[in-house]
Participant: 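Below is a structure I'd like to ask you about.
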Amino acid sequence: MSIPDITIYNTLTRKKELFEPLNPPHVGMYVCGPTVYGDPHLGHARAAIVFDVLFRLLTHLGYKVRYVRNITDVGHLENDADEGEDKIAKKARLEQLEPMEIVQIYTDSYHKSMDMLNIRHPSIEPRASGHIIEQIKMIQDILDNGFAYEVSGSVYFDVVKYNASNNYGKLSGRVLDELLENTRDLTGQEEKNNSVDFALWKKAQPEHIMKWPSPWSTGFPGWHLECSTMSSKYLGDYFDIHGGGMDLLFPHHECEIAQSQAANGNDPAKYWIHNNMITIDGQKMSKSLGNFITLEELFTGSHKLLTQAFDPSTVRFFILQAHYRGTLDFSDSALQAAEKGLKKLLNGIELAKKLIAADASTSDISKLKAACIKAISDDFNTPVLISNLFEAVRITNSVYAGEEKISPDDLKMLNSLFADFTTEILGLSNDQNQQGDELIDPLMNLILDIRQASRANKDFATSDKIRDVLSKLNITTKDEDGGASWTYES
RNA sequence: GGUCGGUUGGCCGAGCGGUUAGGCACUGGUCUGCAAAACCAGCUACAGCGGUUCAAAUCCGCUACCGACCUCCA
């Protein structure tokens, strides 16, 4: 596929922009990954899937993409006011484990779920705890440039001073004066000059178990810093795309911009992309609200709102059926609808491989392909892309049923359309291993042969018995011209 | 309270001034020994009230309701 014009909605400018890489064919992309102190949930899946599709698209188009997605294993404070306990440390205390054991458990859990969702591994997956030295260096740079101050072993970013020469709020649309007015009274802010200032380094209390030496104190880095240091380390001071969930827009990403500007005078990224939230009963699904559904629960059907287990591919398809910038409302019935829709799509793809070409086509495959390219190029409009793919399925089924015809060239294009868009870019495929089995396939052929023979002899008692028993084993049989086929669902 | 966004048919969800989005569900038909799958047809909605326009779900205004961020979160 030649490279089409791609437009991206840039949060920084609040409009769709033509995507022009800084150093083509290279593309640098940084996405905020999870804080590994709990099981991954549907929200994590959405962010990961959205940016996985972007990664796949750009790669497919021939860009050399370096995709960096971090693991936050230190630095997120538990409470507001930059006070209190580190999330990881708190969880470790609750579970009586070493903090790094917590990190290992939930990093593994995250990786396992992401693999099941068919998410490609990022090029680099750096950890905050592995970049303490870089973070200390960046704090020093910010101090040297006069945009931070030290109080009792802690270092804070001076937002008010920064805003005098820069624009704090350019990403999120905040106005500093309003922020200063609207800030609530919070405890533990005595050290800060202003409520909007944020910690770059915090001195650790004696009981704090995750801490590192620094020029200011034995402590730990502030929670916005890791992304700034790791993105610049691996992608440079100014790179193409920075992504993450919309809930990170403020203050996290706003602070990242401030830190980069204060340290090296650059905005970190050209395009800022934010995926919207998944809602449940119209409310954001989040850890703080406690209304989230973990991926494990989804895959096993063990949540009270679920009537059944859902395949990872169904979850992926469910998420891609909505545009990434809109909220997506979760429900059991919506998942069920997605499950059936995906099955229809995947069946169509398999069927297309078996079609027999005719001399001419009754449908315009080129036009359909153009529509697919247009959809994915237009701010990654996966729902419109999927609707076009369903049109391709309709054509496929019609050709198979003998109601339409397709030329050899168009048939080839149809199959590559499915391969490129569904499999390669959207990353959708059957979860079950559909590879042939050298024992089962001949056995099934034998069974279906017997069934077909009994049908031919009008021995329907036998043929129905075979179908009923197979059905109880979750094997669905389909009688077709010149034979029969079967599918298995676990 | 401030800032921003949303309200689409039974459900999910596209839409960015003029064309059937799509999926699921439902109804009728074709096919089938009966099924399954598939195909065809039907159901054709845009919170309310005004305005702009030859034309508005789409632009503007007001009203109502919902949500996000402002504190950790994808």
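Everything numeric here is computed off the predicted structure, so don't read it as measured data. Below, all heavy atoms of this structure are taken into account, side chains as well, without hydrogens, waters or symmetry copies. To find a chain, count down the sequence lines: A is the first, B the second, and so on, and within it residues start at 1.
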Participant: Do the side chains of A:Arg467 and A:Asp464 get close enough for a salt bridge, i.e. N-O under 4.0 angstrom?
Facilitator: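 Salt bridge between A:Arg467 and A:Asp464, a charged N being under 4.0 Å from a carboxylate O: yes.
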Participant: Go nucleotide by nucleotide along RNA chain B from the 5' end; which of A:Asn397 and A:Leu342 gets its closest nucleotide reached first?
Facilitator: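 Of the two residues, A:Leu342 wins.
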Participant: For A:Phe157, which residues count as a ring-ring contact (aromatic ring centres under 6.0 Å, His included) partner, sequence neighbours excluded?
Facilitator: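 A:Phe157: ring-ring contact (aromatic ring centres under 6.0 Å, His included) contacts with A:Tyr162, A:Phe198.
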Participant: Report the residues that fulfil side chain to side chain contact (heavy atoms under 4.5 Å, CB included) with A:Ser454, sequence neighbours left out, ordered by chain and then residue number.
Facilitator: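 In terms of side chain to side chain contact (heavy atoms under 4.5 Å, CB included), with neighbours along the sequence ignored, A:Ser454 is linked to A:Asp459, A:Thr462, A:Ser463.
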Participant: For A:Lys343 and B:C24, give me the distance from atom NZ to atom P, rounded to whole Å.
Facilitator: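 In whole Å, B:C24 P lies 11 Å from A:Lys343 NZ.
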Participant: Could you give the CG-to-P distance, from A:Leu426 to B:G23, as a whole number of Å?
Facilitator: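 Roughly 16 Å, once rounded to whole Å.
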Participant: Who passes side chain to side chain contact (heavy atoms under 4.5 Å, CB included) against A:Ala45, sequence neighbours left out?
Facilitator: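 With neighbours one apart ignored, the set is A:Ile49, A:Leu117, A:Leu295, A:Ile319.
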Participant: Identify the two heavy atoms, one from A:Gly245 and one from A:His253, that lie closest to each other, and give their separation to 0.1 Å.
Facilitator: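 In this case the closest contact between A:Gly245 and A:His253 is O-CE1, 4.5 Å.
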Participant: Tell me: NZ of A:Lys170 to P of B:C69, nearest whole Å?
Facilitator: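 From A:Lys170 NZ to B:C69 P: 24 Å.
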Participant: When the P atoms of B:A25 and B:A64 are compared, how many Å lie between them, rounded to an integer?
Facilitator: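 Their P atoms lie roughly 40 Å apart.
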Participant: Within 45° of the axis and under 6.0 Å from the centre of the six-membered ring of A:Tyr37, does NZ or CZ of A:Lys287 qualify?
Facilitator: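 A:Lys287 over A:Tyr37 ring: yes.
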Participant: Could you tell me which residues satisfy side chain to side chain contact (heavy atoms under 4.5 Å, CB included) with A:Thr327, sequence neighbours excluded, listed by chain and number?
Facilitator: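 Result, side chain to side chain contact (heavy atoms under 4.5 Å, CB included) vs A:Thr327: A:Asn276, A:Thr279.
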Participant: How would you list, by chain and number, every residue that makes a side chain to side chain donor-acceptor pair (under 3.5 Å) with A:Asp410, sequence neighbours excluded?
Facilitator: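 Counting only residues at least two positions away or on another chain, A:Asp410 forms a side chain to side chain donor-acceptor pair (under 3.5 Å) with A:Ser361.
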Participant: Partners of A:Lys91 by salt bridge (charged side-chain N to carboxylate O under 4.0 Å, His left out), sequence neighbours excluded?
Facilitator: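 A:Lys91: salt bridge (charged side-chain N to carboxylate O under 4.0 Å, His left out) contacts with A:Glu95.
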Participant: If you measure from the P atom in B:U44 to the same atom in B:A21, how many Å do you get, rounded?
Facilitator: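 Between the two P atoms, the distance is 13 Å.
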Participant: Could I get the full list of salt bridge (charged side-chain N to carboxylate O under 4.0 Å, His left out) partners for A:Arg56, not counting sequence neighbours?
Facilitator: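 With sequence neighbours excluded, A:Arg56 shows a salt bridge (charged side-chain N to carboxylate O under 4.0 Å, His left out) to A:Asp52, given in chain and number order.
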Participant: Determine the contact category for A:Gly43: base if any of its heavy atoms lies under 4.0 Å from a base atom, sugar-phosphate if only primed atoms, P, OP1 or OP2 are that close, otherwise nothing.
Facilitator: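 Since a base atom lies under 4.0 Å of A:Gly43, the category is base.
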Participant: May I have the distance from A:Lys287 (atom NZ) to B:U71 (atom C1'), rounded to whole angstrom?
Facilitator: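 Whole-Å distance recorded here is 16 Å.
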Participant: Which heavy atom of A:Pro251 sits nearest to which heavy atom of A:Trp223, and what is that distance?
Facilitator: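 Minimum heavy-atom contact is CG-CZ2, 3.8 Å.
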Participant: B:C69 P sits how many Å from A:Lys284 NZ, rounded?
Facilitator: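 Value for this atom pair: 3 Å.
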Participant: Going 5' to 3' through nucleotides 8-17 of chain B, assign each nucleotide B (protein heavy atom under 4.0 Å from a base atom), S (under 4.0 Å only from sugar-phosphate atoms) or - (no protein heavy atom that close).
Facilitator: ----SSSSB-
Participant: Considering residues, nucleotides and ligands other than A:Ile356, do more than 12 of their heavy atoms fall under 6.0 Å from its CD1?
Facilitator: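 Counting neighbours around CD1 of A:Ile356, 12 or fewer heavy atoms of other residues, nucleotides or ligands fall under 6.0 Å, so no.
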Participant: Do any side-chain nitrogens or oxygens of A:Lys344 fall under 4.0 Å of OP1 or OP2 in B:G23?
Facilitator: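 So the side-chain polar atoms of A:Lys344 do come within 4.0 Å of the phosphate oxygens OP1 or OP2 of B:G23, strictly under.
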Participant: Check every strand shown and say whether A:Phe390 touches a base, only sugar-phosphate, or nothing at a heavy-atom separation below 4.0 Å.
Facilitator: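 Sugar-phosphate, no base atom in range.
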Participant: In whole Å, what is the span from the CG atom of A:Asp247 to the P atom of B:C70?
Facilitator: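 Computing the A:Asp247:CG to B:C70:P distance gives 8 Å.
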Participant: May I ask you to say what A:Thr477 touches in the nucleic acid, namely base, sugar-phosphate or nothing, with a heavy-atom cut-off under 4.0 Å?
Facilitator: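 Here A:Thr477 touches the bases of the nucleic acid.
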Participant: Check the distance between B:C24's P and A:Phe310's CZ and give it to me in whole angstrom.
Facilitator: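 Going from CZ in A:Phe310 over to P in B:C24 covers 15 Å.
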Participant: Need one value for A:Met277: base, sugar-phosphate or nothing, where a base atom within 4.0 Å counts as base even if backbone is also close, heavy atoms only.
Facilitator: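 Base: the residue A:Met277, judged by heavy atoms under 4.0 Å, touches a nucleobase.
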Participant: Compare the minimum distances between each of B:G33, B:C39, B:A35 and the side chain of A:Arg455, then state the nucleotide with the smallest one.
Facilitator: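 Within the option list, the nearest is B:G33.
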Participant: Taking for each residue the nucleotide of RNA chain B bearing the nearest heavy atom, is the 5' side occupied by A:Ser286 or by A:Ile386?
Facilitator: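 With A:Ser286 and A:Ile386 compared, the 5'-side residue is A:Ile386.
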Participant: Give me, pair by pair, the N or O atoms of the protein and of nucleotides 40-48 of chain B that are less than 3.5 Å apart, along with how far apart they are.
Facilitator:
{"from": "B:C40", "atom 1": "OP1", "to": "A:Arg394", "atom 2": "NE", "distance (Å)": "3.0"}

Participant: Would you please name every residue forming a side chain to side chain contact (heavy atoms under 4.5 Å, CB included) with A:Asp108, sequence neighbours left out?
Facilitator: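 Expected list: A:Gln104.
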Participant: Looking at A:Leu385 and A:Cys372, what are the two nearest heavy atoms and their distance?
Facilitator: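 Nearest pair, atom of A:Leu385 first, then A:Cys372: CD1-CB, 3.6 Å.
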Participant: Looking only at N and O atoms, is any donor in the side chain of A:Asn276 or the base of B:G5 less than 3.5 Å from an acceptor on the other one?
Facilitator: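 Not at all, since no donor on one side and acceptor on the other fall under 3.5 Å apart.
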Participant: For the P atoms, the ones on B:U7 and on B:G13, what distance do you get once it is rounded to whole angstrom?
Facilitator: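 That atom pair is separated by 11 Å.
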Participant: Within 45 degrees of the ring normal and closer than 6.0 Å to the centroid, is that where the cationic atom of A:Arg325 sits relative to A:Tyr9?
Facilitator: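 Verdict for A:Tyr9: a cation-pi partner in A:Arg325.
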Participant: Just checking, A:Arg69 and A:Tyr30: is the charged tip under 6.0 Å from the six-membered ring centre and within 45° of the axis?
Facilitator: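 No; the conditions do not both hold, so A:Arg69 does not lie above the ring face of A:Tyr30.
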Participant: Starting at the 5' end of RNA chain B, what dot-bracket string do you get if Watson-Crick and G-U pairs under 3.5 Å are bracketed, crossing pairs use [ ], other-strand pairs use | and unpaired bases use dots?
Facilitator: ((((((((.[[[..)..(...]]].(((((.......)))))....[[[[[..)....]]]]])))))))....
Participant: Specify the separation, in whole Å, of atom NZ of A:Lys478 and atom C1' of B:A37.
Facilitator: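 In whole Å, B:A37 C1' and A:Lys478 NZ are 5 Å from each other.
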Participant: List, with names and distances, any nitrogen or oxygen atoms from the protein found under 3.5 Å away from nitrogen or oxygen atoms belonging to nucleotides 25-27 of chain B.
Facilitator:
{"from": "B:A25", "atom 1": "OP1", "to": "A:Lys340", "atom 2": "NZ", "distance (Å)": "3.1"}

Participant: I'd like to know if A:Arg467 reaches the base of B:C34 with its side chain, counting only an N/O donor and acceptor under 3.5 Å.
Facilitator: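 Check passes, donor-acceptor contact within cut-off.
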Participant: Planes under 30° and centres closer than 5.5 Å, is that true for A:Tyr400 with the base of B:A38?
Facilitator: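 The ring of A:Tyr400 is not stacked on B:A38.
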